[in-house]
Amino acid sequence: MSVAMQTSSSQAKAWKMYIDGEWVEASGGKTYRVPNPATEELLAPAPDASREDMRRAIAAARRAFDEGPWPRSTPQDRARVLRAIADAMEARKEEMRELLIAEAGACYVSHDTQVEWPIRHLRNYADLALSFPFEQMLPRSTTDTPMGSWLNNSMVHNAPVGVCGLIPTWNFPVFVIAQKIGPALATGNTMVIKPSPYGPLINLWLAEVIEEAADLPRGVINWVTGQGAEISQELVSNPAVDKISFTGSIAIGSQILAAAAPRLRRVHLELGGKSAHILLDGQNLDMVAPGLTSPAFFHSGQGCAMGTRVLVPRAIEEQAIEKMAGFVGNRDIVKIGNPADPSVLMGPVIREERRRAIEGYIESGVKDGARLITGGKRPAGLDTGYFLEPTIFAGVKNHFKIAQEEIFGPVVAITAYDDLDEAVRIANDSDYGLAAMITGTDQIQAVEVAKRLRTGSVWINNAGNMSHGPFGGFKLSGIGREGGMWGMHEYCEIQHIAWKS
Ligand code: NAD
């Protein structure tokens with residue numbers, strides 16, 4: 001479908017929020033503008049909710065938890081609901097793809113993560129609903145007292161946490177929300193979802209799919225969109241909310257933690273990264289250049305776990321720089337443009353304010369004395385849309401701002417190391433601890449290096465391994481884990497029930 005067609009069909013739609021089982025406008029009919037980042041054209045207006053709208057959604061989720069049947073539904077019911085949602089997403093996959101292209105700027109190269117993985121995750125949570133140990137008997141014990149002896153029976157019950165406030169981000173929007181909705185539903189919680197102001201439409205699309213596919217009781221799932229921070233602040237501070245799961249920056253994550261402190265609300269934080277990618281040897285530099293440089297073009301570097309600090313052995317530094325710059329500088333391969341064109345490898349960044357922030361980082365790299373090898377500018381001939389060139393710096397010292405702070409744009413920093421101890425030290429010299437990558441021919445050596453890295457994930461010979469495993473950060477990259485069994489536990493309170501016989 002052409003971009004023009006996408007724009008007109010999205011514009012024709014009056015998107016509504018979903019609160020307490022009904023499609024509603026924001027109070028006063030307020031909306032805000034959602035542009036296509038590649039064309040800057042209006043994609044559609046989105047409902048711009050007020051604090052009052054958020055309060056209604058929270059009250060609905062509270063009622064559904066305290067009085068409704070969902071928290072006491074069976075694992076079979078939950079599995080059936082999750083399968084129905086996954087099947088409906090599969091059936092409407094092309095709509096999802098078009099909206100992800102138009103709203104998130106998602107190029108085809110990212111669609112396995114953007115489009116396919118959310119469906120796989122939901123199917124996996126359906127399976128987990130059936131296999132998860134909601135109730136576990138513990139070994140019997142005895143109590144002996146002068147008054148008599150008895151047997152103690154006991155079990156652990158994994159109970160739902162309650163009302164969950166889910167705040168996903170915009171870069172891989174369906175992937176991120178599927179990793180929250182999936183385990184939250186599978187464990188019997190109710191929820192209010194507050195999408196990023198940059199990604200409301202794909203969330204409302206998913207709300208529509210879920211409403212059509214699943215016979216969830218009213219109030220179990222609510223979606224509130226808006227551009228102001230006050231609706232998020234209401235969600236994270238309202239006493240009726242039991243748990244917050246947030247994906248976003250450290251700055252907002254720590255504000256959420258502070259807001260949760262007075263009532264000790266459960267908080268799960270999936271925050272940013274400044275991941276190191278360690279190149280172990282110089283074999284096959286042509287083969288590994290695309291992986292080493294991927295943060296400079298893949299989704300325009302807007303990923304939390306991208307290897308934006310590339311650490312190369314000093315002996316092959318210049319060859320590595322040449323191969324990496326050669327790859328990203330080749331416009332026949334790294335074609336920049338509208339993601340609606342399947343041959344485009346690199347699309348825009350999400351908004352003008354984000355592009356300016358990235359340009360600020362590029363200026364700081366130059367000022368600090370890093371060598372700008374390629375990129376650093378807005379691409380010629382693309383005057384509309386928030387485009388940037390893939391950018392590579394070399395000669396970067398790890399204390400430079402471009403090596404310490406998350407840029408969340410298409411910028412890679414190359415730093416040379418003398419031996420593996422130094423590579424590990426540089427990799428770990430970061431406030432972040434989300435992920436790391438290792439590329440090399442000796443897999444045993446790579447696994448040994450991996451164990452020395454202080455990050456939640458380490459990917460060897462790949463730049464981002466999707467799986468149903470745990471994902472989350474050490475250090476300032478977050479608290480908790482998403483994915484698989486680990487994600488299920490995040491949405492449970494552990495209850496011990498003991499009785500005497
Ligand atoms: P952000 O921190 O700017 O978050 C914006 C969201 O926070 C919006 O929904 C906004 O309404 C809300 N918000 C604003 N003020 C608030 C407050 N005081 N209390 C509560 N909520 C408030 O982040 P972003 O731009 O949406 O996302 C980019 C970040 O997300 C990057 O740092 C990236 O690394 C990270 N990220 C992490 C993961 C992961 O799984 N670890 C995945 C993707 C992205």
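Note that this is a predicted model, so its numbers are computed, not measured. Order of appearance sets the numbers: ligands from 1, and atoms from 1 within every ligand.
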**OP:** Report yes if some N/O of E482 lies less than 3.5 Å from some N/O of ligand 1; otherwise report no.
**Re:** no
Quick look: M306 vs ligand 1, heavy-atom contacts under 4.0 Å, and the answer is neither
Tested for ring pair (Phe, Tyr, Trp, His ring centres under 6.0 Å) against H299, the lone hit among W170, F408, F172, Y108 is F172
The answer for which part of L235 has a heavy atom under 4.0 Å from ligand 1 is neither
So that I can tick it off, tell me whether R355 and E352 are bridged by a salt bridge, with the cut-off set at under 4.0 angstrom between side-chain N and carboxylate O. yes
- Task: Would you please determine whether F246 falls within less than 4.0 Å of ligand 1 on a heavy-atom basis?
- Result: yes
- So, does K13 use its side chain to make a donor-acceptor pair with the main chain of A44 at under 3.5 Å? no
| query | Would you call R354 a ligand 1 contact, heavy-atom distance under 4.0 Å? | reply | yes
**Message:** Please report whether ligand 1 has a polar contact with K194, defined as an N or O pair separated by less than 3.5 Å (distance criterion only).
**Reply:** yes
Near L271 (heavy-atom distance under 4.0 Å), the atoms of ligand 1 are 37 (C), 38 (C), 39 (C), 41 (N)
Contact region, I167 to ligand 1, non-hydrogen atoms below 4.0 Å, reads side chain
E406 heavy atoms within 4.0 Å reach ligand 1 at atoms 31 (C), 32 (O), 33 (C), 34 (O)
Checking heavy atoms under 4.0 Å, the part of Q255 that sits near ligand 1 is side chain
Mark the output for P197 as yes if a heavy-atom distance to ligand 1 is under 4.0 Å, and as no if none is.
-> yes
Is ligand 1 less than 4.0 angstrom away from at least one heavy atom of Q302? no
With heavy atoms and a 4.0 Å threshold, my read on which part of Y198 contacts ligand 1 is neither
The atoms of ligand 1 lying under 4.0 Å from a heavy atom of T169, numbered in the order shown, are 24 (P), 26 (O), 27 (O), 28 (C), 43 (C), 44 (C)
Exercise for review: Please indicate whether any nitrogen or oxygen in T247 is less than 3.5 Å from any nitrogen or oxygen in ligand 1.
Suggested key: no
Logged contact type for F471 with ligand 1, heavy-atom cut-off 4.0 Å, is side chain
A student checking ligand 1 against G248 at a 4.0 Å heavy-atom cut-off should list atoms 2 (O), 23 (O), 27 (O), 29 (C), 30 (O), 32 (O), 35 (C)
Do you see a protein non-hydrogen atom under 4.0 Å from atom 20 (C) of ligand 1? yes
